[in-house]
Amino acid sequence: MMRLFARVMVAMCLAVAGFNAQAQTKPKVTSLGPDFPKAALFVGNSFFYYNNGMPGHLTFMERAADAANKAAYRNTMATIGGSGLDWHDMDNLLRPAGLGAYSFDEQNNVVFNKPGRQYDAVVMMDCSQCPIHPQLKDAFTTFVKKDSEIVRAHGMRPVLFMSWAYADKPEMTEALAEAYTTAGNANDALVIPAGLAFARVRKLQPELNLYAPDKRHPSPAGTYLAACVTYAALTGRSPIGNSYVMGLDADTAQLLQKAAWDTAQEYYGR
């Protein structure tokens, strides 16, 4: 009986610890305001491009919340499946008259953007294991520093996207949170706490599936959660009540919006 009681108590403690998963290190950069970015380039891998691209869903959220200035919001993704940051040529991606030189309006007309700096911020994500992999974590540190310097040299702001744990490896959450927060602090970069938002939702509503069958990539709900926490981080506004819900039912969308906002508020210490 005592052994059973002890096991129950341990399980309860682990559940509480999992819900409150946080980076041990606190982020130095907690906002990009007051000049919040409206155009961003997302450099990463399939975690971004699944479900027709998280950055596109972010754009719909931004435009829904600020209809008077909706033409100013624009997000682009440069992704390679399975890639780490060392697979991307950041300087080439940011070359003048390259990515972002033109885009499409709501009527699918080509719009040529003003020459010069095409993005306000560059959001970077390494491969899903790279920041904590014993043979790859040094490259993560090296390329976050290198790419952050390149981004700033082009007049843009570097941002890191904290990815999530695999469905069957929840212990990845805190390790990834620590790695991204430490790298963000070392390079004066904002970190988007998507991984912590995933952990929160998994504790709040375990039956809501945030993953594709491979247990790594996001389901539509996972992509929407990532978009919500990115929205909170980049705009400084709450996603709660946003009219763009990516086709999800109202209750699910509301749960994800609130979890994203609560995660951002807690992570940034607001």
Side-chain angles (χ1 to χ4, degrees), residues 18-32 37 40-50 54-55 58 75 77 79 83-85 121-133 136-137 139-141 143-145 147-148 151 157-167 169-203 210-211 216-218 222-236 239 256 259-270:
F19 180 77
N20 293 319
Q22 282 289 330
Q24 293 177 356
T25 302
K26 301 300 181 184
K28 286 168 49 179
V29 181
T30 59
S31 172
L32 293 180
L41 173 64
F42 288 75
V43 178
N45 49 59
S46 52
F47 277 25
F48 279 155
Y49 72 60
Y50 247 57
M54 187 277 285
L58 170 65
N75 297 295
M77 58 180 174
T79 59
S83 70
L85 286 174
V122 178
V123 180
M124 301 175 283
M125 173 172 51
D126 212 330
C127 86
S128 55
Q129 294 185 39
C130 289
I132 58 175
H133 191 282
L136 298 171
K137 62 183 181 180
F140 166 70
T141 301
F143 277 86
V144 167
K145 182 178 187 297
D147 289 344
S148 293
V151 168
R157 287 176 282 180
V159 178
L160 300 181
F161 182 93
M162 179 201 299
S163 57
W164 49 83
Y166 297 169
K169 295 184 183 297
E171 66 274 11
M172 291 174 63
T173 296
E174 290 194 6
L176 285 167
E178 183 66 15
Y180 271 103
T181 303
T182 300
N185 288 351
N187 295 281
D188 294 318
L190 183 78
V191 178
I192 299 170
L196 295 175
F198 266 62
R200 179 181 291 270
V201 170
R202 292 184 68 184
K203 290 299 179 181
L210 300 177
Y211 295 90
R216 291 188 296 131
H217 291 95
T223 289
Y224 186 68
L225 176 60
C228 286
V229 72
T230 301
Y231 173 89
L234 294 187
T235 70
L256 297 175
W261 182 241
D262 288 346
T263 299
Q265 295 293 89
E266 184 176 329
Y267 179 68
Y268 297 131
R270 296 171 185 163

Nearest heavy atoms of [X] and [Y], plus distance in Å:
{"X": "Leu160", "Y": "Gly184", "result": "CD1-N, 3.6 Å"}
{"X": "Pro158", "Y": "Ser148", "result": "CB-OG, 3.7 Å"}
{"X": "Glu178", "Y": "Gln24", "result": "OE1-N, 2.8 Å"}
{"X": "Lys145", "Y": "Asn187", "result": "CA-OD1, 3.2 Å"}
{"X": "Thr173", "Y": "Ala165", "result": "OG1-CB, 3.3 Å"}
{"X": "Pro131", "Y": "Lys137", "result": "O-CB, 3.3 Å"}

Between atom [atom1] of [X] and atom [atom2] of [Y], what is the distance when rounded to the nearest 0.5 Å?
{"X": "Thr263", "Y": "Leu196", "atom1": "OG1", "atom2": "CG", "answer": "6.5 Å"}
{"X": "Ser46", "Y": "Met77", "atom1": "OG", "atom2": "CE", "answer": "10.5 Å"}
{"X": "Tyr180", "Y": "Met124", "atom1": "OH", "atom2": "CE", "answer": "9.5 Å"}
{"X": "Leu85", "Y": "Asp147", "atom1": "CG", "atom2": "CG", "answer": "5.5 Å"}
{"X": "Ser31", "Y": "Leu234", "atom1": "OG", "atom2": "CG", "answer": "10.0 Å"}
{"X": "Leu190", "Y": "Thr30", "atom1": "CG", "atom2": "OG1", "answer": "8.0 Å"}

Would you say that [X] contacts [Y] through its side chain, given a criterion of any heavy-atom pair below 4.5 Å between the two side chains?
{"X": "Val229", "Y": "Phe198", "answer": "no"}
{"X": "Val123", "Y": "Thr230", "answer": "no"}
{"X": "Tyr268", "Y": "Pro193", "answer": "yes"}
{"X": "Thr181", "Y": "Lys26", "answer": "no"}
{"X": "Leu256", "Y": "Leu210", "answer": "yes"}

Just by modelled atom types, is the [Y] backbone N or O under 3.5 Å from a matching donor or acceptor in the [X] side chain?
{"X": "Arg202", "Y": "Ala167", "value": "yes"}
{"X": "Trp164", "Y": "Arg216", "value": "yes"}
{"X": "Thr141", "Y": "Ala183", "value": "no"}
{"X": "Gln265", "Y": "Arg270", "value": "no"}
{"X": "Asn45", "Y": "Asp126", "value": "yes"}

**Prompt:** Quick one: ring pair (Phe, Tyr, Trp, His ring centres under 6.0 Å) partners of Phe161, sequence neighbours excluded?
**Reply:** Phe48
**Request:** Sequence neighbours left out, what passes ring pair (Phe, Tyr, Trp, His ring centres under 6.0 Å) with Tyr166? Give chain and number order.
**Result:** none
**Request:** Report yes if the distance between the aromatic ring centroids of Phe47 and Phe42 is under 6.0 Å, otherwise no.
**Result:** no
